[in-house]
Amino acid sequence: MHAVAVLALDQVIPFDLSVPIDTFGWARLPDGRPAYRVRVCSPAGEVSAGAGVFAVRAPHGLEALAEADTIILPGVADPAAPLPPGVAEAVRAAAANGTRIASICVGAFVFAATGLLDGRRATTHWRAAADLAAKFPAITVDPNVLYVDNGQFLTSAGAAAAMDMCLHMIRKDHGSAVAAHAARMSVMPLEREGGQAQFIVHDLPPAPAGATLEPLLAWLEDHCDRELTLDEIAAQARMSSRTLNRRFREQTGTTPLQWLHRARVRRAQYLLETTPYPVERIAAQAGFGSPTAFRERFRRVVGTSPQAYRRSFRSTNGSTSTNGSTSANDWSPANGSASANDWSPANGSPPAVG
C-alpha cells in the first residue's frame, strides 16, 4: 500500500494538515481496499496547531519520512521560522531515495528551506508568493496556478488548492476512476476551471501621495470605459507622450496603457460579481473594444473566463461576493485556515490515521 507521511511542525495550519489525511483517506481501489496508508509524523511528540488553539500529538517521528512513498509538507503559521533540527536532512534523504514530496500552501517555505526547489518552478498562496520569491530567489514562483507538478516534487497554492493537488496525485497513482471517487467523497470537482489568478486581488499600482500623476490616475479610473489612446491620456495630463510614459513608470512602475487595462479588468470583475449584465454589456462598460477582446484580456490577467469567474464570485443578494477570496490586508496563515476538528463524517469516514 502507498504510504503517505504528513509532516506536522509546530504551529501547523490545521486545514493544511487535514486535507491530505482526508483526501488520500477517501481513495479506494476498485476492490474497495484503501489506496493509501496515511501517517502523521513530527520531530516532536506534540506540536501546537491553529496558532495555539489546540495541540496535535503525532504518533510517528521523522523516521516515518524514510518509510514513505509520498511526503506532504503542510504550512505553518510563521513561514519564516527556521526548520527544527533534522527536518531538512530527513526530507533531503527521502528525496534522494526517490520519495515524492509535495507542499501545501505556505508549506512551500518549508520545502524551499531544504534546497530541493532550487532551480525549479513552484507555487504557494498568492499572498505569500512575493515573499517566497524574495526569500528564495533560486525558485521560479508562479502565483497564478493551483499547483505545480515537477514530477517528484509538487507544490500547491493556498487552502483548497491542496485538494486539487492531492486529487491530481491520486489520479497519477491509480487512474481517473479512483480519483473521481475521492473527489466525489470530498465534494470537490476532479478538475477546477481556472487557476489561482482568479482569487488574486489585482490592486492598481498606486502613485505616491502628492505625486503629479494622482489626478490623472483618478481621471483614468473614472473614464476607463472610453476608448482612450496614449495621445489622449497625454493631452489630459498636459504633457508629451514620451514624458507621460517616463513619469508613469517612475511613479507607478508600469505604462499608462497597462495601468488602464488593469483598471478595466477591475471594473469588469466588480460588474461580474454584482450585476446580472451579459458579458457584452460588461465589455462595453469596462471599456473593451469587443466581447472577444474582453474575454482574451480577462483570461490573460485573471486566469479564467468571465463566465467562470462569475460562477465563482457572483453574489446572490446583489452585494459584492467574497466567496473564495480573501482581503489582501486580512489574510495570514494563522487565521485564514479552517480548523481541522470542525468537521468529521459520522459514518464512512476515511480509515484512522496510523
Side-chain angles (χ1 to χ4, degrees), residues 1-8 12-41 60 64-65 67-75 91 94-95 97-105 107-108 110-111 116 120-125 142 145-196 337-338 340 343-345 347-354:
M1 186 185 299
H2 190 115
V4 177
V6 184
L7 179 62
V12 64
I13 297 174
F15 187 83
D16 294 2
L17 179 66
S18 65
V19 164
I21 294 172
D22 276 352
T23 308
F24 287 113
W26 286 122
R28 291 291 184 274
L29 298 175
D31 61 5
R33 289 181 296 116
Y36 299 91
R37 181 179 72 251
V38 183
R39 291 179 171 177
V40 176
C41 63
H60 303 280
L65 300 182
E67 302 167 359
D69 300 295
T70 295
I71 294 172
I72 305 294
L73 305 174
V91 173
N97 288 329
T99 303
R100 180 173 61 187
I101 303 172
S103 63
I104 292 174
C105 192
V110 176
F111 205 166
L116 293 171
R120 302 178 188 273
R121 181 167 159 259
T123 193
T124 186
H125 193 289
D142 186 348
V145 296
L146 294 174
Y147 57 84
V148 173
D149 183 352
N150 288 306
Q152 184 184 1
F153 304 144
L154 299 90
T155 52
S156 86
M163 298 180 73
D164 295 280
M165 182 183 68
C166 289
L167 291 170
H168 168 72
M169 288 190 283
I170 294 171
R171 182 166 53 182
K172 288 184 67 175
D173 293 341
H174 299 292
S176 295
V178 174
H181 172 75
R184 284 193 296 272
M185 298 303 292
S186 301
V187 196
M188 177 78 180
L190 185 54
E191 288 189 11
R192 282 197 287 168
E193 186 171 359
Q196 189 178 197
S337 299
W343 177 90
S344 65
N347 296 298
S349 60
V353 178

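All values below were derived from every heavy atom in this structure, side-chain atoms included, with hydrogens, water molecules and symmetry-related copies excluded.
With sequence neighbours left out, Arg100 forms a salt bridge (charged side-chain N to carboxylate O under 4.0 Å, His left out) with Asp173. Listed by chain and number, the residues in a side-chain contact (heavy atoms from CB on, under 4.5 Å) with Asp31 are Leu29, Arg33 (sequence neighbours excluded). By the side chain to side chain donor-acceptor pair (under 3.5 Å) test, Glu67 pairs with Arg39, sequence neighbours left out. Residues meeting the side-chain contact (heavy atoms from CB on, under 4.5 Å) test with Ala102, sequence neighbours left out: Ile72, Leu154, Met165, Met169. Arg184 pairs by the salt bridge (charged side-chain N to carboxylate O under 4.0 Å, His left out) definition with nothing, not counting sequence neighbours. Partners of Ala3 according to the side-chain contact (heavy atoms from CB on, under 4.5 Å) rule, which considers only residues two or more places apart in sequence or in another chain, are Arg37, Asp69. Taking the side-chain contact (heavy atoms from CB on, under 4.5 Å) definition, one finds that Val110 meets it with Leu9, Leu73, Leu83, sequence neighbours left out. Residues forming a ring pair (Phe, Tyr, Trp, His ring centres under 6.0 Å) with His174 (at least two apart in sequence, or on another chain): Tyr36.
Annotation: side chain of Leu65 is in contact with side chain of Cys41 (closest heavy-atom distance under 4.5 Å).
Here the shortest heavy-atom pairing between Ala64 and His60 reads CB-CB, 3.9 Å. Across all non-hydrogen atoms, the minimal contact from Phe15 to Ala160 is CE2-N, 3.8 Å. Contact record, Gly158 with Cys105: CA-SG, 3.6 Å, taken as the closest heavy-atom pair. Taking both residues in full, the closest heavy atoms of Val148 and Ala122 are given as CG2-C, 4.0 Å, listed atom of the first, atom of the second, then distance.
Remark: side-chain polar atoms of Thr155 are paired, donor with acceptor, to backbone N or O of Thr123 under 3.5 angstrom. Judged by distance alone, with hydrogens and angles left aside, the side-chain atoms of Gln152 form a donor-acceptor pair with the main-chain N or O of Thr99 at under 3.5 Å.
To the nearest 0.5 angstrom, Phe111 atom CZ is 12.5 Å from Thr124 atom OG1. In this structure, CG in Leu7 is found 12.0 Å from CG in Asp16, a value given to the nearest 0.5 Å.
Applying the salt bridge (charged side-chain N to carboxylate O under 4.0 Å, His left out) test to residues at least two apart or on different chains, the pairs with a partner in residues 148-160 are Asp149-Lys172.
Each of Ser156, Ser186, Pro20 was scored for a side-chain contact (heavy atoms from CB on, under 4.5 Å) with Cys166, with one residue passing: Pro20.
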